[in-house]
Amino acid sequence: MLDTFRKIARTIRLLQYPALLLGIGGMLLLCIIIVFEGLISGENLIIPSIVCALWGFCGYFFIATFKNVPGPLITKPGFFAGIRYKLNRSWYWLVCILFVATSIAALITSVRVLLIFFRNAG
């Protein structure tokens with residue numbers, strides 16, 4: 001799974017900064033709506049801006065984290081180099097498990113929030 005995430009992140013690494021801009025744009029839209037509440041009637045855009053920021057930042061952090069995963073070993077390293085390699089990969093495994101859990105939670109939250117949005121919009 002870790003190597004699959006590495007391949008995906010390296011394939012879509014060109015989308016890293018657009019994902020960051022999407023996240024920042026969603027967060028800015030949310031801040032503008034909250035700060036200028038009386039001037040702008042954009043309360044119907046609060047939920048989409050939260051979802052946009054959530055997935056923009058998730059995409060950015062996915063690409064930024066998993067494009068640097070060390071690949072599989074070609075040659076057999078020495079004792080200490082092997083331990084360092086295994087510790088490095090185990091850290092990425094922990095991040096991978098946390099990312100999958102966070103993505104599932106974000107997906108569930110997004111679906112619930114968008115259902116509320118569409119129920120109130122229509």
Does [X] use its side chain to pair, donor to acceptor, with the backbone of [Y] at less than 3.5 Å?
X	Y	result
R10	K67	yes
T65	F62	no
S90	L87	yes

Would you check if [X] and [Y] make a side-chain contact, meaning some heavy-atom pair closer than 4.5 Å?
X	Y	result
P72	D3	yes
C96	F66	yes
P70	Y92	yes
L15	I12	yes
N88	W93	no

In this structure, would [X] and [Y] fall into the same cluster of hydrophobic residues linked by side-chain contacts under 4.5 Å?
X	Y	answer
L22	V51	no
I104	M1	yes
I97	F5	no
I34	I50	yes
W55	I108	no

Could you give the distance from [atom1] ([X]) to [atom2] ([Y]), rounded to the nearest 0.5 Å?
X	Y	atom1	atom2	answer
I8	I63	CD1	CD1	10.5 Å
I33	S49	CD1	OG	5.0 Å
Q16	L21	CD	CG	11.0 Å
L54	L107	CG	CG	9.5 Å

Nearest heavy-atom neighbours spanning [X] and [Y]:
X	Y	value
A19	G59	CB-C, 4.1 Å
A53	G26	CB-C, 4.0 Å
F117	I47	CB-CG2, 3.8 Å
G82	P77	CA-CG, 3.7 Å

Checklist entry - Do the two ring centres, one from F61 and one from F99, sit under 6.0 Å apart? => result no

Checklist entry - Would you call the rings of Y17 and Y60 parallel, tilted or perpendicular, where under 30° means parallel and over 60° means perpendicular? => result tilted

Checklist entry - Counting heavy atoms not belonging to Y85, are there more than 12 under 6.0 Å from its OH? => result yes

